[in-house]
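Every chain is numbered from 1 and lettered A, B, ... according to where its sequence line falls, protein lines coming before strand lines. Bear in mind that the values here come from a model prediction, so they are computed numbers and not experimental data.
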Amino acid sequence: MGGADTIYDPYTHYALQAARNASTVLAELGINASPDELLQLIAEPPDPRLGDLGLPLFRYARVAGKRPDELARLVAEKHGRRGSLAAEAAGGYVNFRIDTVDLAETVLKLAGRPGYGYNPAEKPLRIVVEHTSANPIHPLHIGHARNTALGDALARILSNRGHWVQTRYYVDDTGRQVAVLAYGYRLLGEPEPPVDAKPDEWLGHIYALTNLLIELRGVRARVAEIEERARRGGEEEAEEYRRLVERQDRLAADIGRLWPRVGKDVFDRLAEAIMGSPRDPEEEIKRIMAAYERGEDWAKRLVGRVVELALKGIRMTLDKLGVRFDKWDYESMLVWSGLVDKVIAEARRSPYYTIYKGAEAIDTSRLARDKEIRRRLGITLGGDIPPLILRRSDGTTLYTTKDIAYTIYKFRDASADKVINVIGGEQRLPQAQVKLALYALGYRREAENLVTYIYEMVTVPGHKMSSRRGRIITLDWLLDQLYARAREEVEERRPDLSEREKDAIAWSMAKAALRYQMVSVAPLRPISFSFEKALSLKENSAPYLLYTYVRARSVLRKAGETPVLRTDKIPDPERRLIWLIAKYPRAAAEAADDLAPEKLANHLVLIADAYNEFYDKYPILREPDESLRSLRLHITLAVSNVVRHGLGLLGIQVVEKI
RNA sequence: GGGCCCGUAGCCUAGCCAGGAUAGGGCGCCGGCCUUCUAAGCCGGAGACCCGGGGUUCGAAUCCCCGCGGGCCCGCCA
C-alpha cells in the first residue's frame with residue numbers, strides 16, 4: 001500500500017482524467033479552462049446510457065461564440081478515445097465513457113480489500129470533536145441520541161479521511177443544574193443509589209423532584225401571600241391567583257408521576273426537607289455553586305459524588321452504544337486551574353471589555369456589527385448579538401465564559417487545527433457569542449477554526465420533554481423498546497438460532513436502528529420522533545443495510561474461496577454496480593468534508609438497493625458461466641466490504657447472521 | 001418586535017452551499033413473486049404544478065427579493 005499513485009477514490013481518478021483531457025482539447029480550440037475548474041463541472045448524466053461522466057459546455061460555448069452543441073461535437077471529435085475514456089457529444093454536453101474492463105479491474109481490485117473507502121485528504125488535520133456533553137444530572141435522552149450519533153459518526157468519518165481525530169466529553173459540573181441536584185441529594189443524606197437502580201436515572205428523578213418541590217414551595221408561598229392580603233381586604237389579585245393555582249396543579253401532577261419512581265422514603269424526606277426548610281433553597285443552591293467554584297472541600301466532595309454517579313450511568317449507556325471518548329474534561333478543572341480567571345483577566349484588557357447591566361461583559365454586540373468578522377467566523381445570525389456577560393454578581397462564572405476557556409484549552413491540549421462542537425440549534429446565539437469573545441480576546445485562529453455543528457431538535461409528538469420536570473424519554477428505555485421489537489422479529493424468523501445469537505442480533509438491530517435514524521437525515525432538519533417508525537424495523541433502513549450485508553456474506557461463505565477475477569464478460573447490470581462501488585470513497589470523503597454523515601448513509605442505501613435488485617435477478621453461485629460467476633462473486637465481495645465499512649463509519653457494527 | 005433554521009406526493013426523505021439534460025428513494029396503498037445463493041428481499045401500478053409571488057439566467061427545487069406556515073433563540077440558565 002501507499003505510494004503517490006495509489007488510488008483511493010476511483011471516481012475522482014477517472015473524473016480527473018476526463019477534466020485533464022477536456023482541458024487539453026479546449027486549449028487546442030483556443031478556450032482556456034483549467035482541469036480543476038472542469039472537474040467541478042463534471043457530473044453524472046441523468047441516464048447512464050449517455051455515459052459515466054458529463055461535462056456541460058454552455059459557458060465555454062458562450063465565451064467562444066459557438067453554439068453549445070457545435071462545441072460539444074468538436075470537443076468529442078477531437079477527444080475521441082484517449083486512455084480509458086471515450087468521448088461523445090450530446091446536446092451541449094460532452095459525455096465520457098470509461099472503458100469497462102479498466103473500470104472493473106481497477107474498482108474490484110481495490111474494493112476486494114476490507115479497507116476500501118479509506119480516502120485520505122491531501123492535508124490531514126488535527127481535529128477535536130466535542131459531542132454529547134450532557135449535564136451530569138440525569139440519563140441521556142432522545143435529544144442526546146442525535147448528538148451522540150452525529151458526533152460519533154463524524155469522528156469516525158473524519159478519521160477515515162485521514163485526519164487525526166480526538167473525541168471529548170465536556171462535563172458541566174459547575175453549572176446551576178448540578179448544584180440543584182447536589183442540594184437535593186444532600187437533603188436526602190447523600191445515600192447510595194439502590195443497587196437495582198441505574199445511578200443516572202435515579203439521580204435524574206431526584207433532580208426533577210428537587211426542582212419541582214422548589215418551584216412548588218415558591219408558588220405556595222405566593223399563594224399564601226395573596227390569601228393573606230385578601231383576608232385583610234387588600235386588592236383583588238384574582239387573575240394571578242388563578243394562574244398560580246393552575247401551576248400548582250400541574251406541579252402536583254408532575255410530582256405525582258415521579259414519586260413512585262423514587263419510593264416513599266426518598267419522596268417524603270425530600271418533600272419535607274424542601275417544603276419545610278427555614279432557609280431559601282435558592283440561597284442554598286447558590287452557596288453550593290460558589291463553594292464548588294472556590295474549591296471548598298465539602299462542596300467538592302458533595303458535587304463530585306453526584307457527578308461521578310451520574311457519569312457512571314451515562315457511561316453505561318454510551319458503552320451499550322459503543323461510543324467511547326478520548327478525553328473527559330471537567331468544567332471545574334477550568335475554574336480551579338485558573339484558566340477561567342485568565343480569560344477574564346484577558347477580557348479586561350480587551351478593547352471590547354464593557355459593563356453591561358452592571359456586570360463585566362464583552363461587547364459582542366459592537367464586534368458583531370463588523371460584517372467581515374461575522375463572515376470569517378461563519379456566524380450566520382443577523383441582527384444584534386447581545387453582550388456576553390462574564391460573571392454573575394456573586395462572582396461565579398457562567399457557562400459561556402467557561403466555554404471560552406474550554407475552547408482555548410481544547411485547541412492547546414490537542415494542538416488542534418479545528419475544533420468541532422456538536423450542539424443543539426437552540427445554542428446558536430451563545431455559541432456565536434463565544435466565537436466573538438474569543439476573537440475579541442485575540443484568539444483569532446481559535447475563533448475562526450471553531451466549528452459549531454448544529455443539529456435541530458428531536459421532538460416527540462404529544463410529549464413536551466423537560467428534564468427539569470422529569471419528563472424525558474431516556475435513551476436506555478428507547479433501546480430497550482427497540483430491542484424488544486427486534487427480538488420478536490428474530491424469534492419469528494430464526495427460531496433455529498441459540499438464545500445468545502438471537503439476543504446479539506436483536507441488540508445489534510436496536511442500536512443500528514437508533515443510530516441510523518439519527519444520522520441518516522440532514523442535521524438541520526428537525527426530527528419528529530415517532531415510536532411507530534423507530535420500532536418498525538421494516539421501515540428503517542439500518543436493518544435493511546444489515547440484511548443486505550448478511551445476504552452478501554452468506555453467498556461468499558457458500559462460495560468458499562473467491563476465484564480469480566475474470567473480466568472478459570461484463571454485462572450492464574454488473575457494470576452499474578461496479579460504478580456505484582467506484583463512487584463510494586468519494587461519498588465517504590464528501591461526508592467528511594461537508595460534515596454530512598447522511599451523504600454516506602444515502603450512498604450505502606443506493607448500493608444496497610442495486611445489489612438486492614441484482615441478487616434477485618441473477619444467479620451468482622448457480623451461474624454456469626465461470627467468468628460471470630467470478631465477476632459476480634467479486635462484486636458481492638466488494639458490496640459486503642463497502643457496506644461493512646460504511647456502516648462502521650456510522651458507528652454501526654455488522655452482524656454475520658440475521 | 002428582531003434574528004436563525006426548516007418547508008419537495010397522504011407521511012418521511014435525497015438533491016439546494018459550488019444553477020445544467022426526464023426531481024431520486026422509502027413508508028403507506030393496489031397487483032404479482034419463495035421445492036434453487038437469507039422474502040427484513042424483488043417486480044409492476046397509482047401518487048409531486050419542489051409552500052406562494054416576483055426577479056436574475058441560454059437554463060432555477062437550487063441564486064436574489066417579498067410574503068406564508070412550523071420550530072428555535074433573544075436570561076447574571078445551559
**OP:** Please tell me if the side chains of A:Tyr406 and A:Val340 come closer than 4.5 Å, counting only heavy atoms from C-beta onward.
**Re:**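 A side-chain contact under 4.5 Å is absent here.
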
Subject >> A:Tyr292 vs A:Val178 side-chain heavy atoms within contact, under 4.5 Å >> reply: no

In the structure shown, which nucleotide is the Watson-Crick or G-U wobble counterpart of [N], with both distances under 3.5 Å?
N: B:C68; result: B:G7
N: B:G41; result: B:C33
N: B:U56; result: none
N: B:G1; result: B:C74

Using a cut-off of strictly less than 4.0 Å, decide whether [X] has a side-chain nitrogen or oxygen near OP1 or OP2 of [N].
X: A:Tyr544; N: B:C42; value: yes
X: A:Arg551; N: B:A39; value: yes
X: A:Arg392; N: B:C77; value: yes
X: A:Lys558; N: B:U38; value: yes
X: A:Tyr170; N: B:A78; value: no

Tell me what [X] touches on the nucleic acid: a base, only sugar-phosphate, or nothing, going by heavy atoms under 4.0 Å.
X: A:Asp69; result: nothing
X: A:Lys357; result: base
X: A:Asp394; result: nothing
X: A:Ala522; result: sugar-phosphate
X: A:Tyr549; result: nothing

Close N/O contacts between protein and nucleotides 3-8 of chain B (under 3.5 Å):
{"unit_1": "B:G3", "atom_1": "O3'", "unit_2": "A:Gly382", "atom_2": "N", "d": "3.1"}
{"unit_1": "B:G3", "atom_1": "O2'", "unit_2": "A:Gly382", "atom_2": "N", "d": "3.1"}
{"unit_1": "B:G3", "atom_1": "O2'", "unit_2": "A:Gly382", "atom_2": "O", "d": "3.2"}
{"unit_1": "B:C4", "atom_1": "O2'", "unit_2": "A:Arg428", "atom_2": "NE", "d": "3.2"}
{"unit_1": "B:C5", "atom_1": "O2'", "unit_2": "A:Leu524", "atom_2": "O", "d": "3.3"}
{"unit_1": "B:G7", "atom_1": "OP1", "unit_2": "A:Arg525", "atom_2": "NH2", "d": "3.2"}
{"unit_1": "B:U8", "atom_1": "O4", "unit_2": "A:Arg525", "atom_2": "NH2", "d": "3.4"}

Subject >> Nucleotide nearest A:Leu398 (side chain, heavy atoms from C-beta), chosen from B:C76, B:C37, B:A21 >> reply: B:C76

Take the protein atom [atom1] of [X] and the nucleotide atom [atom2] of [N], then report the distance between them rounded to whole Å.
X: A:Glu44; N: B:U22; atom1: CD; atom2: P; result: 16 Å
X: A:Leu604; N: B:A14; atom1: CG; atom2: C1'; result: 14 Å
X: A:Arg494; N: B:A39; atom1: CZ; atom2: P; result: 11 Å

Nearest-angstrom distance, [atom1] atom, [N] to [M]:
N: B:G52; M: B:G7; atom1: C1'; answer: 12 Å
N: B:G15; M: B:C63; atom1: P; answer: 13 Å
N: B:C43; M: B:C49; atom1: P; answer: 26 Å
N: B:G55; M: B:G19; atom1: C1'; answer: 15 Å

Original post:
Would the A:Tyr547 and A:Tyr549 ring centres measure less than 6.0 Å apart?
Top reply: no

Show me the protein contacts with nucleotides 59-61 of chain B, counting only N or O atoms at under 3.5 Å.
none

Any salt bridge linking [X] with [Y]? Criterion: basic side-chain nitrogen under 4.0 Å from a carboxylate oxygen.
X: A:Glu489; Y: A:Arg494; result: no
X: A:Glu360; Y: A:Arg391; result: yes
X: A:Lys286; Y: A:Glu282; result: no

Original post:
When you look at CD of A:Glu88, are more than 12 heavy atoms from neighbouring residues, nucleotides or ligands closer to it than 6.0 Å?
Top reply: no

**OP:** Just label B:C34 as syn or anti from its O4'-C1'-N9-C4 or O4'-C1'-N1-C2 angle, using within 90° of 0 for syn.
**Re:**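 Glycosidic conformation of B:C34: syn.
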
**OP:** Could you list the residues that satisfy side-chain hydrogen bond (donor to acceptor under 3.5 Å, both in side chains) with A:Asn147, not counting sequence neighbours?
**Re:**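 By the side-chain hydrogen bond (donor to acceptor under 3.5 Å, both in side chains) rule, A:Asn147 matches A:Tyr455.
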
